[in-house]
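See structure below.
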Amino acid sequence: MSYNPKEIEAKWQQQWEAEQAFEPSDSLSQKKKYILSMFPFPSGRLHMGHVRNYAIGDALARYYRKQDYNVLHPIGWDAFGMPAENAAIKHGRHPKEWTYSNIDYMRKELGTLGLSFSKTREFATCDPLYTKHEQKFIIEMFQKGLLYRESTTVNWCESCHTVLANEQVEEGCCWRCDNPVELKEMPGYYLDIIRYADELLEDLSQLEGKWPSQVITMQRNWIGKSQGLAFDFELTEESKAKLGGKFDRYEVFTTRPDTIYGVTYSALAPEHPITKYLVEHNLLEPEVAEKIKAIANMSEVERAKQDKEGYPLGINVIHPLTGEQIPVWTANFVLASYGGGAVMAVPAHDERDYEFATKYNLPIKRVIEGGEELPYTGSGRLIESDRFSCVENEEAKIAIINYMEEEGKGQGTTNYKLRNWGVSRQRYWGAPIPFVHCDECGLVPEKFENLPVALPDDVEITGEGNPLENHPTWKHCKCPKCGKEALRETDTLDTFVQSSWYQFRYATNPKKWEEVGIDKADADYWLGVDQYIGGIEHAILHLLYARFFTKVLRDLGYHDIDEPFQRLLTQGMVLKDGAKMSKSKGNTVDPDALVDKYGADTARLFILFAAPPQKELEWNDSAVDGAFRFIKKLYDRSGKVTGKTLPEIDQNSLSKESKLARVKAYEALQKSADVYEYTFAFNTLIAACMEALNALDKQDNADVWTEGMYLCSTCLNRSFRMWLQS
RNA sequence: GCCUCGGUGGUGGAACUGGUAGACACGUCAGACUCAAAAUCUGAUGGGCUUUGCCCGUGUCGGUUCGAGUCCGACCCGAGGUACCA
């Protein structure tokens with residue numbers, strides 16, 4: 001009988017369905033494994049990247065089930081987001097209809113791939129039941145002061161018509177549509193992720209060796225902790241007068257307090273309140289004011305491309321230790337978003353300060369020995385630094401901070417590059433932020449019993465403005481506190497909020513889904529995810545947010561887990577002709593067509609065989625044929641299996657070829673635990689099985705065949721029964 | 001600029017803690033079967049040579065070692081991240 005994947009796979013898929021073969025047990029006392037592939041956005045169809053992601057996770061899930069673990073291997077849908085609205089704008093389809101019909105289609109695709117997902121734990125993040133619990137978390141975070149509303153400068157994408165988080169800006173452009181991001185002043189909701197910066201940073205060391213070091217490094221750099229000194233520059237009396245008595249002083253931050261005696265000027269960001277005051281009150285030359293305004297209108301990315309540029313502000317400050325007068329400038333390289341938007345400048349020991357000082361002929365004063373040329377940023381002894389002269393600079397850092405603290409002139413401070421997470425989006429297809437604006441009571445959270453605050457179905461989605469804002473009635477409501485007429489918040493939550501806690505939702509027994517968002521006992525049993533699999537593009541975005549949410553929800557009492565993902569595997573991209581598969585390049589391979597032609601087993605075997613999962617995978621049509629040949633051969637040789645139990649074999653009676661075949665088969669078996677539990681080098685395991693089969697083919701002992709086939713199917717994670725055609 | 005990862009045949013990739021480089025597969029070539037083709041099977045396949053065998057070969061140049069793809073140093077190239085963070 002020839003190999004007919006359609007028939008075989010359909011048969012097994014039906015049987016699995018009937019047996020509910022992949023549902024985890026409700027018992028929370030067994031040893032467990034939680035295997036999770038990042039859930040997909042329901043874009044319409046699966047692509048090869050999905051197939052690779054799920055093939056890897058599925059191999060692990062099946063392996064651990066065979067080892068008698070209670071395995072949770074769920075799937076769901078990251079279902080809110082812009083593309084649904086874009087479909088509405090383009091094709092006139094309602095985002096909800098578009099999303100759920102895509103889900104139905106893609107669920108079928110997953111089915112034909114024979115993936116061993118739990119069926120009962122599936123959900124979409126746009127399900128009102130999911131929104132309900134998420135809104136409750138958001139309100140609890142607000143009550144704890146972790147969520148706040150503030151008007152600040154935000155990243156605005158005009159084409160998506162919404163605000164973006166810092167993490168969603170890539171080289172000054174929108175991560176989704178690649179449009180340049182503009183700065184805009186507007187109110188929004190923020191999650192205080194900085195409060196958790198230290199823990200997020202420190203706990204990375206727990207993940208060492210379990211997460212790719214690259215991802216750990218990226219998160220470390222993104223959090224960007226630096227320690228130093230914060231102190232005030234007091235303005236001179238004349239300068240105070242010039243500023244109309246509005247300002248006495250301003251704060252600066254430095255990581256190099258050891259160079260404080262080398263300060264020759266100070267620089268403020270163009271957005272700094274003092275700069276703004278001077279511009280607005282016409283206290284500068286009109287041309288200068290114009291130039292400063294021009295800089296302020298530039299994005300940070302644009303500014304970074306410009307040469308250093310700055311203007312003296314005609315004011316001075318007093319050096320806190322020497323009492324000298326220091327001129328104050330504004331400069332395009334001083335960022336408003338970091339360290340208070342003001343710096344002390346030490347041109348002798350800082351490259352930027354040096355470049356600026358040279359350009360504008362500002363004095364340069366060396367205070368650290370070492371190096372031939374200035375600027376010198378290395379270590380050495382202090383000179384010309386009063387009582388700190390002759391001290392090694394690393395010691396001096398501490399000594400100067402201590403001294404400043406004793407004198408009440410400054411303090412040791414920690415700063416982070418990490419910005420608080422702006423979670424409001426001015427879009428329709430998202431979870432509404434459950435607050436109400438009341439003239440009397442201010443910002444009031446919706447009552448728990450009124451959750452979810454659901455989206456209205458009757459909206460017009462035109463791409464112009466915020467559909468919720470434009471809806472005739474939806475935003476009008478009663479204040480949950482005083483009952484007067486009030487306005488509902490029309491911003492929705494960033495979709496990354498949904499993907500920050502879905503791993504807990506899967507873990508919660510579906511019987512409790514109505515009642516609770518996360519069940520503590522379930523969460524503590526299943527979490528952390530034993531193996532998480534996904535693309536490296538989420539190295540900071542999703543993986544940082546999910547870590548943050550885990551800690552917040554822990555502190556809200558929902559569970560006792562510190563880190564959501566114990567181990568992380570970042571899979572490589574699927575390429576064709578050297579480029580990422582994409583519709584626009586026309587180099588895609590359709591998973592459906594592949595499964596139709598060769599069957600799911602071939603598709604998955606090829607994907608696991610063609611490259612180690614961490615690496616990029618170059619698509620090769622004829623190598624797919626090779627995978628198909630191997631499976632066909634395995635199927636063909638199933639006739640060689642003569643018993644249903646492992647035979648006893650007398651090693652001494654065997655031919656040289658039979659002995660070699662046994663060696664190869666056992667080598668494969670030995671490799672398998674290492675591959676499934678540690679290296680994930682499925683390509684080498686499959687190669688070992690191919691070697692074993694080649695060696696089996698060169699001998700003809702029936703018992704060795706039976707044993708060899710049994711071992712190969714074990715390694716390949718296929719049910720032995722499957723080859724026996726039982 | 002800085003941080004990370006990588007560079008092995010025509011191709012994808014093997015090679016555990018230093019010990020026969022190129023497993024396995026693709027491709028190619030030759031052969032068997034066939035009227036023919038497909039499918040299948042068998043064999044060959046890093047380069048060079050004076051071809052029973054020898055020499056050279058893991059980005060480049062040095063080093064350590066009895067022995068280096070693997071360890072050390074310098075450099076070149078590629079991919080990803082990040083970018084005036086004071």
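First the proteins, then the strands, lettered A, B, ... as listed; each starts at 1. None of these values were measured; they are calculated from a predicted model. Computation of the quantities below employed the complete heavy-atom set of this structure, encompassing side-chain atoms and omitting hydrogens, waters and symmetry-equivalent molecules.
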Salt bridge (charged side-chain N to carboxylate O under 4.0 Å, His left out) pairs, two or more places apart, involving residues 678-693 of chain A: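 Residue pairs with at least one partner in residues 678-693 of chain A: A/K664-A/E691.
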
query: Tell me, what's RNA chain B's dot-bracket, Watson-Crick or G-U with both distances under 3.5 Å, | for other-strand, [ ] crossing?
result: (((((((..(((......[....)))((((((.......))))))((((...))))..(((((..]....))))))))))))....

field: Residue pairs, two or more places apart or on separate chains, that pass ring-ring contact (aromatic ring centres under 6.0 Å, His included) and touch residues 597-627 of chain A
entry: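 Listed once each, the pairs are A/Y598-A/F628, A/F606-A/W619.
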
query: What ring-ring contact (aromatic ring centres under 6.0 Å, His included) pairs are there with at least one residue in residues 194-219 of chain A, not counting sequence neighbours?
result: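 Every ring-ring contact (aromatic ring centres under 6.0 Å, His included) pair that includes a residue of residues 194-219 of chain A, provided the two are not neighbours, is A/Y196-A/F548.
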
field: Neighbours of RNA chain B within residues 202-220 of chain A, by heavy-atom distance under 4.0 Å
entry: A/Q214, A/T217, A/M218

message: Within residues 613-624 of chain A, which residues have any heavy atom lying less than 4.0 Å from an atom of RNA chain B?
response: A/K615, A/E616, A/N620, A/S622, A/A623

Test of understanding: with side-chain contact (heavy atoms from CB on, under 4.5 Å), list the residues that count as partners of [X], not counting sequence neighbours.
{"X": "A/K293", "answer": "A/V279, A/E290"}
{"X": "A/K633", "answer": "A/R637, A/L693, A/N694, A/D697"}
{"X": "A/E563", "answer": "A/D203, A/Q206, A/L207, A/R547, A/K551, A/Q566"}

Which pairs of donor and acceptor atoms, one on a side chain in residues 679-690 of chain A, lie under 3.5 Å apart (sequence neighbours left out)?
from: A/T679; atom 1: OG1; to: A/A681; atom 2: N; distance (Å): 3.3
from: A/T684; atom 1: OG1; to: A/A681; atom 2: O; distance (Å): 2.8

List, with names and distances, any nitrogen or oxygen atoms from the protein found under 3.5 Å away from nitrogen or oxygen atoms belonging to nucleotides 71-74 of chain B.
none

For nucleotides 20-23 of chain B, which of its nitrogen or oxygen atoms have a protein nitrogen or oxygen under 3.5 Å away, and what is each distance?
from: B/A23; atom 1: O2'; to: A/E691; atom 2: OE1; distance (Å): 3.3
from: B/A23; atom 1: O2'; to: A/E691; atom 2: OE2; distance (Å): 2.9

